[in-house]
Amino acid sequence: MPELPEVETIRRSLESYIVGKTIEDVQVPQPRLRRPVPVAELKRWALGQRIVRLDRRGKYLLWHLQNNAVVAIHLGMSGRLGYYTEVTACEKHTHVIVTFAEGGVLHFRDPRRFGSFDVFEPGRACLQQMGVEPLSADYSRDYFSAKCGDSKRAIKTLLMDQKIVVGVGNIYATEALFLAGIHPLRPGLSLQPDEVQRLCAAVVTILNRAVARGGTTLNDFRDARGEPGFFQMDLAVYDQAGKACPNCGTAIRKIVFNGRSAYVCETCQQ
DNA sequence: CCTATGACCTGAACGC
DNA sequence: TGCGTTCAGGTCATAG
């Protein structure tokens, strides 16, 4: 489900509930996820530890513990974190339950099991293969050009490649390409310098807007408190097949490649 | 190395 | 009502 803005929204809402708290218990009623939840390691490194900081890296949520271990959570397509002040009955597809000494419990649910819930022991580097953060100073036209300027891959595929830039998924790649006026199927090497510039700027604009609005409410996105996002109004093209392009009125077309849907205004995006 | 494809899962929405 | 089909915000392994 979530891309960078959704994970960031969850991070912000969860932060106030669990930073400074001590992990008293970890239960794993269903360890099967993308990778099995490492139950023994998780208990070994997390039990009794205080959470000192919540961070986000791409689509991962990171819990930095007092002993320098890191809990890394990916929500896949359908992952949810639910915070409750009282002990609460375990819903279907609940994989991990974390209980805090100061009160409060957190449930991780993921029906499709594309998510993950891992722990990295103190000092062990994690998530080394990931690209730059699009909302950081590392992300520039020059960086993107260097990574994509020689590639024949479709620009939308490049935008979604987490080894290049993290956090951008199908919705925001689609929206950024529309805002930049660039066709999703264009090979990376075909983009002119001004187009790369426009695209990088569009990614930043779209992500900042989405973060400011608390993520996208397409189907069932909720933050850790169960509040819906507020972004539903201006998805210009994503999931808008047949509707009028907000710029020119041309019908938005759905195209499928790399096993994913993309939406495009064939007039505005060349 | 690069690229494309299917596998991994469940559930919601839709057509008949 | 129910059954079958299609599709979904993401990675990952493997084949060419």
Side-chain angles (χ1 to χ4, degrees), chain A residues 1-11 29-37 56-61 72-81 91-95 108-118 126-131 134 146-178 184-190 203 206-207 209-211 213-223 228-232 234-242 254-263:
Chain A
M1 174 246 307
E3 304 180 34
L4 183 153
E6 288 74 35
V7 180
E8 180 60 22
T9 299
I10 290 164
R11 189 195 69 75
Q30 170 53 274
R32 288 187 60 198
L33 284 172
R34 161 173 292 288
R35 300 177 283 277
V37 178
R56 180 193 57 70
R57 179 80 173 96
K59 301 173 190 174
Y60 285 86
L61 186 65
I73 301 168
H74 195 296
L75 300 174
M77 296 275 254
S78 57
R80 293 261 197 100
L81 288 167
E91 292 180 82
K92 200 175 175 185
H93 305 300
T94 299
H95 293 87
F108 176 71
R109 297 177 56 213
D110 185 7
R112 289 180 72 182
R113 297 194 227 148
F114 290 169
S116 58
F117 200 112
D118 293 312
C126 57
L127 310 177
Q128 291 293 284
Q129 297 271 63
M130 299 183 68
K147 290 289 185 184
C148 303
D150 300 329
S151 177
K152 293 179 184 170
R153 299 164 78 192
I155 189 62
K156 176 165 175 280
T157 306
L158 292 166
L159 265 186
M160 293 172 64
D161 184 338
Q162 305 296 300
K163 292 192 203 61
I164 300 172
V165 180
V166 295
V168 179
N170 209 30
I171 290 182
Y172 299 115
T174 299
E175 291 291 310
L177 284 161
F178 173 77
L185 289 172
R186 291 266 301 279
L189 54 74
S190 77
V203 165
I206 289 287
L207 292 178
R209 186 186 301 164
V211 168
R213 292 173 185 175
T216 297
T217 302
L218 243 193
N219 296 319
D220 61 358
F221 169 68
R222 297 288 186 279
D223 70 13
F230 300 95
F231 190 64
Q232 38 203 331
D234 60 356
L235 287 178
V237 288
Y238 186 86
D239 203 27
Q240 307 296 313
K254 172 175 168 172
I255 58 179
V256 177
F257 66 104
N258 282 343
R260 311 299 298 271
S261 295
Y263 300 83

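Chain letters run A, B, ... following the sequence lines, proteins first, then strands; residues in each count from 1.
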Got a list of protein N/O to nucleotides 3-5 of chain C N/O distances below 3.5 Å?
none

- Message: Just to be sure I understand the rule, does A:S261 reach a base, reach only the sugar-phosphate, or reach nothing, if contact means heavy atoms closer than 4.0 Å?
- Response: sugar-phosphate
- Message: Please tell me if A:Q162 has a side-chain N or O lying less than 4.0 Å from either OP1 or OP2 of C:dG10.
- Response: no
- Here the pair of heavy atoms bringing A:A173 nearest to A:M160 is CB-CG, 3.7 Å
- Note on the structure: Under a 4.0 Å heavy-atom criterion, the protein footprint on nucleotides 8-15 of chain B, written with B, S and -, is BBBS----
- Tell me what A:S151 touches on the nucleic acid: a base, only sugar-phosphate, or nothing, going by heavy atoms under 4.0 Å. sugar-phosphate
- Between A:S190 and A:R186, do the side chains contain an N or O donor and an N or O acceptor separated by less than 3.5 Å? yes
- Spacing between A:D161 atom CG and C:dG10 atom C1', to the nearest angstrom: 13 Å
- By side chain to side chain donor-acceptor pair (under 3.5 Å), A:R260 pairs with (sequence neighbours left out) none
- Query: Which of these, A:I10, A:V168, A:L207, sits in a side-chain contact (heavy atoms from CB on, under 4.5 Å) with A:P5?
  - Reply: A:L207
- Message: Salt bridge check, A:E3 against A:K59: does any charged N sit closer than 4.0 Å to a carboxylate O?
- Response: no
- Item | Candidates A:I255, A:T174, A:N258, A:L185 - the one meeting side-chain contact (heavy atoms from CB on, under 4.5 Å) with A:K156 | A:T174
- Write down the distance between CG (A:D118) and P (C:dC12), rounded to a whole number of angstrom. 10 Å
- Message: Roughly how many Å apart are C:dT14 and B:dC9, using the P atom of each and rounding to a whole number?
- Response: 15 Å
- Task: Have a look at A:G169 and say if it touches a base, only the backbone sugar-phosphate, or nothing, with a 4.0 Å heavy-atom cut-off.
- Result: sugar-phosphate
- Message: Distance check needed: C:dG10 C1' versus A:Y238 OH, whole Å only.
- Response: 11 Å
- Message: By nearest atom, which of the nucleotides C:dG10, C:dC12, B:dT5 is closest to the A:N258 side chain?
- Response: B:dT5
- Message: Between A:R34 and A:S116, do the side chains contain a donor N or O and an acceptor N or O under 3.5 Å apart?
- Response: no
- Query: If you measure from the P atom in C:dC7 to the same atom in B:dT5, how many Å do you get, rounded?
  - Reply: 16 Å
- Message: Please tell me if A:K254 has a side-chain N or O lying less than 4.0 Å from either OP1 or OP2 of C:dT6.
- Response: no
- Message: What is the separation between atom CD1 on A:I164 and atom P on C:dG10, rounded to the nearest whole Å?
- Response: 15 Å
- May I have the distance from A:L189 (atom CG) to B:dC2 (atom C1'), rounded to whole angstrom? 13 Å
- Take atom CG of A:L185 and atom P of B:dT3, then tell me their distance rounded to the nearest Å. 14 Å
- Query: Can you find a heavy atom in the side chain of A:L4 that is under 4.5 Å from one in the side chain of A:V211?
  - Reply: yes
- Message: Can you list everything that forms a salt bridge (charged side-chain N to carboxylate O under 4.0 Å, His left out) with A:R11? Sequence neighbours excluded, please.
- Response: A:E8, A:E15
- Item | A:T94: side chain to side chain donor-acceptor pair (under 3.5 Å) partners, not counting sequence neighbours | none
- Item | Side-chain donor/acceptor of A:E175 to backbone N/O of A:Y238, under 3.5 Å | yes
- Annotated structure of DNA chain B as dot-bracket, pair cut-off 3.5 Å, Watson-Crick or G-U only, | for inter-strand, is .|||||||.|||||||
- Without hydrogens or angle criteria, can the side chains of A:Y60 and A:Q162 be said to hold a donor-acceptor pair below 3.5 Å? no
- Message: Expressed as a whole number of angstroms, how long is the span from A:R260:CZ to B:dT5:C1'?
- Response: 13 Å
- Message: Is the phosphate of C:dG10 approached by A:K59 (side-chain N or O, under 4.0 Å from OP1 or OP2)?
- Response: yes
- Message: Within the 4.0 Å heavy-atom criterion, would you say A:R35 contacts the bases, only the backbone, or no part of the nucleic acid?
- Response: sugar-phosphate
- Note on the structure: Tightest non-hydrogen contact, residues A:F257 and A:A262, listed as CE2-CB, 3.8 Å
- Rounded to whole angstroms, how far apart are CE on A:M160 and C1' on C:dA8? 12 Å
